[in-house]
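Working notes, structure below.
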Amino acid sequence: SFVGVQGMIVRTSTILPDLKVAHFQCTLCGNDQQVAVDRGRIAEPTGKCPGCNAKASLSYQLVHNRCTFHDKQWVRLQETPDQVPAGNAPASVLLFAFDDLCDAV
């Protein structure tokens with residue numbers, strides 16, 4: 001479901017790269033393996049390389065320029081002044097915008 005909130009944007013970050021698919025390559029035989037990133041965790045190749053039977057933890061290396069990245073931006077949203085009771089500090093929340101929602105506000 002979709003939730004709508006009202007507030008005032010008080011700070012944003014620059015657009016940051018967010019890793020979505022990591023690309024690993026065996027340094028011994030050149031075998032490629034792609035791994036999807038799940039909630040910020042990369043499941044590095046384990047076991048043996050199917051190309052040369054080398055131990056994966058020693059032979060695979062991340063190839064940065066062949067990885068897939070998406071846009072990410074953090075946004076700090078604060079209560080509007082008319083919603084804050086007198087004498088209280090406005091509440092704020094940190095939000096993350098991805099892909100097409102970056103720089104859309």
Backbone of Thr80 reached by a side-chain donor or acceptor of Gln6 within 3.5 Å:
no
Which atoms form the tightest heavy-atom contact between Cys67 and Ala22, and what is the distance?
SG-CA, 3.8 Å
Measuring only between side-chain heavy atoms, which start at C-beta, is Thr12 closer than 4.5 Å to Gln73?
yes
Atom of Ser92, atom of Arg76 and distance for their closest heavy-atom approach
OG-NH1, 3.5 Å
A quick test of your reading: do over 12 heavy atoms of other residues, nucleotides or ligands sit less than 6.0 Å from CG of Asn88?
yes
Is the backbone of Gln25 close enough, under 3.5 Å, to the side chain of Gln61 for a donor and an acceptor to pair up by distance?
no
Side chains of Tyr60 and Val35, heavy atoms from C-beta outward: is any pair under 4.5 Å?
no
Separation of Asn53 CG from Asn31 CG (nearest 0.5 Å):
10.5 Å
Report yes or no: does Thr27 contribute a side-chain atom to a donor-acceptor pair with the main-chain N or O of Ser59 at less than 3.5 Å?
yes
Value for CZ (Phe98) from CG (Asp71), rounded to nearest 0.5 Å, stands at 10.5 Å
So, Asp32 and Arg66, do they make that salt bridge, N to O below 4.0 Å?
yes
side-chain contact (heavy atoms from CB on, under 4.5 Å) for Leu62 and His23? Distances and angles first, verdict last.
CA-CA 6 Å; Leu62 182 68; His23 187 96; 5.6 Å; no
Distance only, no hydrogens: is a donor on one side chain within 3.5 Å (strictly under) of an acceptor on the other, for His70 and Asp99?
yes
With the side chain counted from C-beta on, respond yes when Val37 and Lys20 share a heavy-atom pair under 4.5 Å apart, and no when they do not.
no
Please check if Phe2 and Leu101 belong to a single hydrophobic cluster, counting links between Ile, Leu, Val, Met, Phe, Trp and Tyr side chain heavy atoms closer than 4.5 Å.
no
Flag the pair Cys52 / Cys26 as yes when at least one side-chain heavy-atom distance between them is below 4.5 Å, and no otherwise.
yes
Between Phe69 and His64, is the gap from one ring center to the other below 6.0 Å?
yes
Closest approach of Ala97 and Cys102, non-hydrogen atoms and distance?
O-SG, 3.5 Å
Is the shortest side-chain heavy-atom distance between Phe24 and Glu44 below 4.5 Å?
yes
Within this structure, what is the OG1-NZ distance for the pair Thr14 and Lys72, rounded to the nearest 0.5 Å?
11.0 Å
From CA spacing to verdict: side-chain contact (heavy atoms from CB on, under 4.5 Å), Leu77, Val5
CA-CA 9 Å; Leu77 185 71; Val5 294; 3.6 Å; yes
Shared ILVMFWY cluster between Val93 and Phe96, side chains joined below 4.5 angstrom?
no
